[in-house]
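Read the structure below first, then the notes.
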Protein chains: 2
Amino acid sequence: MHKDISKVALQRLPVYLNYLKTIPEKDGFISATVLASRLNLGEVQVRKDLASVSCTGKPKVGYEVKTLISELESALGYDNTADAVIIGAGHLGMALLDYKGFEEYGFNIVAGFDRNEKVWGKTEGGKPVFAMEKLPSLIARMHIKIGIITVPAKAAQEVCDLLVENGILAVWNFSSAHLNVPDGILVRNENMAVSLSLLVQHLTDNK
Amino acid sequence: MHKDISKVALQRLPVYLNYLKTIPEKDGFISATVLASRLNLGEVQVRKDLASVSCTGKPKVGYEVKTLISELESALGYDNTADAVIIGAGHLGMALLDYKGFEEYGFNIVAGFDRNEKVWGKTEGGKPVFAMEKLPSLIARMHIKIGIITVPAKAAQEVCDLLVENGILAVWNFSSAHLNVPDGILVRNENMAVSLSLLVQHLTDNK
DNA sequence: AATTTATCGATAAAAATTTATCGATTATTT
DNA sequence: AAATAATCGATAAATTTTTATCGATAAATT
């Protein structure tokens, strides 16, 4: 098994994977040179990134696309599917429930939960929405370790506490609230405004 | 004006800003030490990041929160509000239309556009959804430079081309498609599955 | 008023990441 | 069959980023 994939490389691997899945050369070969120019990355960087998951590149031709795809998938751990639940079935929660990309990458959003009884029993992309009361038993029964928080900021900490109490180990936080968690619990904050601001920053720099 | 903010620091600045806006010490001071421990970052790193936008820290007490907030905002360019449009009024598009965080950061999502006439005329969070035909004139009239793509992958390139044709300079791509754009156009890809996979990666590493 | 404590800001060291270079290898061309 | 061209993979150099150290300073304490 390949190891020592740097943090930043790890962020680029899915980009390669994603791109490889869309190209016409699906049944042939692709070189690091071509890949680099298509994705606007450095040729050497691409080669180095790929070296961390593959050693099947052949001089003059490059990498077999099929092989590379499965090597990337396996390196990224997409083989072992991971289950997660979503708390908050507003538009964002529903969008994530429906997001096809997850399945493709081996993730499985099991269900959504919401306080509002109007959405109980609804399904989105085949995923059901339940009452909050059902959360503890479902998490326990299915040994779920990942919780996705898409509730308003005000309710986020409360929801987070509930998740942690019930054995969740990683939280993906879409609310703007800053979450306090005990040691050992991983929080990843997804702040949409931050992402957009980085885009704008870039825009104003280059003029 | 402060300069030379490193790329990675630039990604952390909004985190500080976001956190500062939520704390109880709003009217007082906060030290890099405290900020670091609250956000689980290195003390020196925080101090260095802040040094790139501020020089108002006082020994023994830290930084005045109010001052720091406005210094961060100005460094990040949140003074000059930026307008954007969203193409694709599915759940994700609707969620972004409704996302309150943007306004807070000085962004303004002007409107959504969709091919499906069932959603035309709807509003979400006060933002209207229009037919695609209205896109060119609105972009031109309001001088909008940012487009957010939340359509399915199949339609993404077509939408992207349309945006570019009409003068959009930056694209925030939520679809899984890889977009080809002319030089000078900035594309930022938001792959939800990537974010989740990084979370999971971290989870499986630390066990 | 002197001493202690907490923190800044700067500089230096360490670590991580990117970029450059180059020999080895494989297909293609002569 | 030999020469050529393209590309890999490895190693080295350059750059960027993170972490450590330390004197200076402002508030708190003695």
Take atom CZ of A/R12 as the centre, draw a 6.0 Å sphere, and report whether it contains more than 12 heavy atoms from other residues, nucleotides or ligands. yes
Judged by each residue's nearest nucleotide on DNA chain C, which is more toward the 5′ side, B/P59 or A/R47? B/P59
Given atom CD of B/E64 and atom P of D/dA27, what is their separation to the nearest angstrom? 13 Å
Please state how far atom CG in A/L35 lies from atom P in D/dT7, giving the value in whole angstrom units. 12 Å
Least distance between heavy atoms, B/I149 atom then B/A156 atom: CD1-O, 4.0 Å
Going by the angle between their ring planes, with limits at 30° and 60°, are B/H91 and A/H91 parallel, tilted or perpendicular? tilted
Phosphate oxygens OP1/OP2 of D/dT18: is one of them under 4.0 Å from a side-chain N or O of B/R12? yes
Could you check whether B/A32 gets within reach of a base, just the sugar-phosphate, or nothing at all, counting any heavy atom under 4.0 Å? sugar-phosphate
Where DNA chain D forms runs of at least three Watson-Crick or G-U pairs (i with j, i+1 with j-1, under 3.5 Å), the stems are C:1-30 with D:1-30
Note: B/D49 and B/L13 closest approach over all heavy atoms is O-CD2, 4.1 Å
Could you check how far NZ of B/K60 sits from P of D/dA27, rounded to whole Å? 10 Å
Quick one: does any side-chain atom of B/N18 pair with a main-chain N or O of A/S176 as donor and acceptor, under 3.5 Å? yes
Distance-only side-chain donor-acceptor flag, A/Q157 / A/D161, under 3.5 Å: yes
Roughly how many Å is it from CG in B/D49 to P in D/dT18, rounded to a whole number? 7 Å
Hey, does B/V44 reach any base, or is it just sugar-phosphate, or nothing, if we go heavy atoms under 4.0 Å? base
Could you tell me the separation between the CG atom of A/L68 and the P atom of D/dC8, rounded to a whole number of Å? 10 Å
Could you tell me the separation between the CZ atom of B/F29 and the C1' atom of D/dA28, rounded to a whole number of Å? 15 Å
May I have the distance from A/E43 (atom CD) to D/dA6 (atom P), rounded to whole angstrom? 12 Å
Minimum heavy-atom distance B/M132-B/F113, with the two atoms named: SD-CB, 3.8 Å
Reckon A/G42 touches a base, only the sugar-phosphate, or nothing at all at heavy-atom distances under 4.0 Å? nothing
Please list, in 5' to 3' order, the outermost nucleotides of DNA chain C lying under 4.0 Å from any heavy atom of chain A. C/dT17 to C/dA27
Please check this pair: side chain of A/T150 against backbone of A/I87, looking for a donor-acceptor N/O pair closer than 3.5 Å. yes
Tell me, which pairs form a salt bridge (charged side-chain N to carboxylate O under 4.0 Å, His left out) where one or both residues lie in residues 32-46 of chain B, sequence neighbours left out? B/E25-B/R38, B/E43-B/R47
